[in-house]
Amino acid sequence: MRRGEALAAWMLTLPAALAFLLLLLAPTLAAIALAFSDYELGVWPPHWIGLDNFREMWTDRGFRTSFVNTLVYVAIVAPVSVAGGLGLALLIEGAARGRTIFRAIFFLPVVSLTVAMAAAWQYLLHPTIGPVNAVLRAVGIAGPAWLSSSDTVLLSLAAIGIWESIGFNMVLFMAGLTAIPRELREAAAVDGARAAWDRFRLVTWPLLGPTALFVVVISLIRSVRVFDTVAVLTRGGPNKASEVLLYTMYTEGFTFLRLGYSAAITLVFLVIVLGLMLVQTRILDRRVHYG
Amino acid sequence: MSGLVIDSVRKAFGATQVLHGVSLSVRPGEFVALLGPSGCGKSTLMRIIAGIDAPDAGRVIINDRDVTRAHPGARDVAMVFQNYALYPHLTVRQNIAVPLVMRRLSAWQRLPFLGGFAGAARRAIAADVERIAEPLGLAPLLDRRPAQLSGGQRQRVALARAVVRAPHVFLLDEPLSNLDAALRVTTRREIVDIHRRVGAASLYVTHDQSEALTMADRVAVMLGGRLLQCAAPADVYDRPANLDVARFIGSPAINLLPAEARDDGWVQLAGRATGLATAARGPLTLGVRPEAWRIGAGGWPARVEHTEFLGDGLLVHARLDDHAVLLRAEPDARIAVGDVLPIGFDPARALVFGADGARVAAVEPAHA
Amino acid sequence: MGNAARLIVLTALALLFMVPYIWMVSASLKPTDELFRNHMALIPEHFAAVQNYGRVLREVPVAQYLWNGVVMCGGILFFQLLFAIPAGYALAKLRFAGREFVFGAVMLGLLVPPHVPALPLYVALSAAGMLNTFAALIIPSTISVFAIFLFRQFFKSLPDELIHAARLDGMGEAAIVWRVALPNAWPAATAFAIFSVVAHWNDLFWPLIVVTGQDRATPALGVMHFRTEEAGDDFAALMAACVLMTAPLVLAFLLAQRRFVEGISTTGLKG
């Protein structure tokens, strides 16, 4: 039986294992190897160039801009969408009616085709025919060229990013809130926590800790991955003002066909994502679970 | 009157009327058990007293103050929840301190980084926590988190948190239901001790009649959203107000047999005189508790169908005409299945219920 | 906060969130010149829905894009489930040498975003002459370590007795997977299906890499193509195209809202 069981187990695991090796492990290792080569599509064989790609990145102003832009984008989108998601979840949770409708409305952007909604945003933010600037004109403000001015482009993309991800965070927070035993909030009320803020501090926030940590990390990772809106709306412009990591990786790899350099950028991206996950599992997990 | 007064409280959830105008009062220092099967509305009533739910009509008065619309934290009520509701992220010490911190410190003093400014108040709180933890045996556990405690320890922390600020009203919602049988019996005693020390008006919700009968000064029996009777345990057992209470109290359950009062007031069971007289006429229900039967000294033939040995007694399932009857016999009684026993009962311990279910006075001929 | 205040705040925020949809639909109904004249009106003076949607349907193979999206998402989901369910079952319920190792690989795989293996996969598919095919769209996503993880967790909660009973009834392990484990895993399977379809339907990154031209373009690529190549300043037609491409998933969401929200929040893990 034991031998038979092991055999059956391997038979069941085999398709997944093969796909894992071929489609995930091998290409990931290859990407890591490529990062240390000068591989360009069509030029064979590639040469091992050690850390040259990373040295180039260090001096490449384009990459630096891209890196800084990504950080700025993340620094705006992640905190606002986490706080906003929590705020919406608390507001909806306490609402007497309309909970399903509100949840649906705020969640809608998550399931909407990003590319199409980016186009809708482009129309909204259009400097001359866009309703946003029309509203601003009506109150006497000359609105900027949101997506085509290097001063506002990143901010505009961040606004779209927040709009897109806030509902996602809200749903995660709502799941976290339902997991808090109702009795605890009642106990807090009986214990004299009379202000909503006191109950939030005493019960909701500490018990939401694991959810909150998770939402923070997910939001950071999701916003580091910003690509669609940039690819559709700005292509990194104007003048690299909206160049972000994945878009730089995309253009280096698939427009300029410098796969080695592109792989090196991917590796930076991977290190950031792994770092964020490490923060979650190692440092913070211990402080928010009450075992 | 100080203590707790509940006046005609009504509550409906949607179309379901859960409480049909319940009135009850608990004096300071008194321990009242609210007894009823699950779904009878007793937990709803408790939540209304605590202020977690609001009644549709009626008043809740605590220490002569109408608190019907007051916030739970402003009622001078403490509550032990069924699942204890301990804050999992706080230590035992912090859990017990919460009600004191919330009441004695201002919002500013409670801010995590400014806490140092409230040194004297915080020291007083720490002293109070230790004073309450000591007799409950919680002193060595003060720095643990609830997850590191056993069920019985958690339950004592919940008790400590409830009584630490000496509340005027002390509510307990099925506090023993999550403990194992042995621990339940010892904890009953502890809860009564704590109640005596605090001297609060205590209301104890339970579906377990043995808890209610053993712990309480008075037992309030609740069925279907109505308070049917509120009296001392012995009264509820020996003089139930109606059939529902009689049926609900007592284990094994009371025998209820159809009887009849003749025109002259004499009560007859299965065509034979019972020696009881009543003012009622017509069909009645006669209630006899299993231990009130006398075996071998009476006129009704009961055929034994099954016996259960209980250790301190013998439970006999028998049949009297078409009716199943339960009798409690001495453990050494020689009774076998198939025996036909002549049974009777002590008229003083029999209960007579009228056609509407209410108990009616019955007298023995000697006193008639 | 009082209930009325809460509802007012929520309603205001909800309207704000709806703004892109409202203007998108409104613009798709207006004649182009009206867009340029009257910037704020929501209700068109003249309805031009026929012209706008007509132009889109004439010039854009909408049905082709949607069909491509369906084939891609369906193909990906099919293989993801085909690979992940047996593996998840084996990891949850069978004892075999190497199980810890396999599970370790799964956990490691969870850490790698799909953008990392993209470059070598592109090179391989290109070398194999498979660009612009459904295979190129589907194959790289057929293995979802997240699905394996999800199903393993789910199967772990199935009682062992159920599996033992099935064995006593004479079922082999494969039969147990499909006839006992899967029927009990519907909640996990639907949740994952919704998560997977939403993610791939909306994805732009990978289709943009492996597909050029319109034959295999997904809805995301289709909108992007129409926007850059054809629409020009015809925002009315562009918005009409956006409405058409966004509608299917949004409608599915509105019909099965609860399942979508549950699906995303239980699988939210992977982001």
Side-chain angles (χ1 to χ4, degrees), chain A residues 82-83 86 89-90 93-100 172-173 175-217 280-291, chain B residues 43 46-53 70-91 94-107 110-112 144-149 157-158 160-165 167 169-174 178:
Chain A
V82 171
L86 176 61
L90 290 171
E93 201 66 24
R97 68 184 84 162
R99 297 161 60 142
T100 339
L172 295 179
F173 274 123
L177 284 175
T178 26
I180 297 179
R182 200 180 54 164
E183 284 195 336
L184 277 182
R185 270 181 259 183
E186 294 168 0
V190 174
D191 281 344
R194 293 166 69 170
W197 166 250
D198 282 328
R199 287 195 296 279
F200 180 78
R201 272 279 301 140
L202 182 62
V203 174
T204 313
W205 181 245
L207 292 181
L208 218 45
T211 309
L213 169 65
F214 175 66
V215 174
V216 166
V217 172
Q280 175 183 15
T281 50
R282 283 293 151 80
I283 303 165
L284 290 169
D285 248 7
R286 264 177 234 160
R287 295 184 48 187
V288 289
H289 282 124
Y290 315 109
Chain B
S43 286
M46 171 142 297
R47 294 164 62 84
I48 286 172
I49 299 168
I52 296 164
D53 288 338
H71 185 275
R75 295 186 169 206
D76 206 1
V77 164
M79 180 157 171
V80 174
F81 289 80
Q82 186 170 1
N83 303 319
Y84 316 139
L86 299 178
Y87 307 110
H89 56 293
L90 301 181
T91 60
Q94 290 165 327
N95 261 289
I96 300 175
V98 165
L100 300 179
V101 169
M102 287 295 159
R103 279 181 176 72
R104 293 190 195 160
L105 301 186
S106 70
R110 270 185 265 133
L111 285 179
R144 295 209 196 157
R145 291 243 169 89
Q148 298 163 294
L149 302 179
V157 177
R161 180 180 66 178
V163 299
V164 68
R165 65 192 160 84
V169 171
F170 185 23
L171 305 174
L172 301 103
D173 187 5
E174 307 249 6
N178 287 334

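Chain letters run A, B, ... following the sequence lines, proteins first and then strands; every chain starts at 1.
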Student: CD/B:Q94 to CG/A:L202 distance, rounded to the nearest 0.5 angstrom?
Tutor: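 Output value for this atom pair is 10.0 Å.
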Student: Which residues satisfy the side chain to side chain donor-acceptor pair (under 3.5 Å) test with A:T204, sequence neighbours excluded?
Tutor: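 Partners of A:T204 by the side chain to side chain donor-acceptor pair (under 3.5 Å) criterion come out as none, since no residue qualifies.
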Student: Which heavy atom of A:E183 sits nearest a heavy atom of B:Q82, and at what distance?
Tutor: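 Smallest interatomic distance, heavy atoms only, reads OE2-N, 4.0 Å.
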Student: If I measure from the heavy atoms of chain A, does B:R75 come under 4.5 Å with its side chain, its backbone, both, or neither?
Tutor: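 When you check distances to chain A, no heavy atom of B:R75 falls under 4.5 Å.
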Student: Side chain to side chain contact (heavy atoms under 4.5 Å, CB included), that's the test. Do A:E186 and B:M79 meet it? Break it down for me.
Tutor: CA-CA 10 Å; A:E186 294 168 0; B:M79 180 157 171; over 6 Å; no
Student: Which atoms of B:L86 come close to chain A, meaning under 4.5 Å heavy atom to heavy atom: side chain ones, backbone ones, both, or neither?
Tutor: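 Contact with chain A involves the backbone of B:L86 alone.
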Student: Who among B:A85, B:A78, B:P146, B:P167 has the most heavy-atom pairs with chain A under 4.5 Å?
Tutor: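 Answer, by heavy-atom pair count under 4.5 Å with chain A: B:A85.
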Student: What pairs with A:A189 under side-chain contact (heavy atoms from CB on, under 4.5 Å), at least two apart in sequence or on another chain?
Tutor: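 By the side-chain contact (heavy atoms from CB on, under 4.5 Å) rule, A:A189 matches A:R199, B:H71, B:P72.
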Student: Using every non-hydrogen atom in the two residues, find where A:D191 and B:M102 come nearest and quote the distance to one decimal.
Tutor: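 Residues A:D191 and B:M102, closest heavy atoms: O-CB, 3.5 Å.
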Student: Could you tell me which portion of A:A195 (side chain, backbone, both or neither) has an atom closer than 4.5 angstrom to a non-hydrogen atom of chain B?
Tutor: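 Neither the backbone nor the side chain of A:A195 comes within 4.5 Å of chain B.
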Student: Return the minimal non-hydrogen interatomic distance between A:L184 and B:P88, and the atom names on each side.
Tutor: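 Shortest heavy-atom separation between A:L184 and B:P88 comes out as CD1-CD, 3.8 Å.
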Student: Non-hydrogen atoms of chain B under 4.5 Å away: do they reach the side chain of A:R185, the backbone, both or neither?
Tutor: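 Neither part, no heavy atoms under 4.5 Å.
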Student: For the interface with chain A, which of B:A74, B:G51, B:A50, B:A158 has the highest count of heavy-atom pairs at distances below 4.5 Å?
Tutor: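 If we count pairs closer than 4.5 Å to chain A, B:A74 comes out on top.
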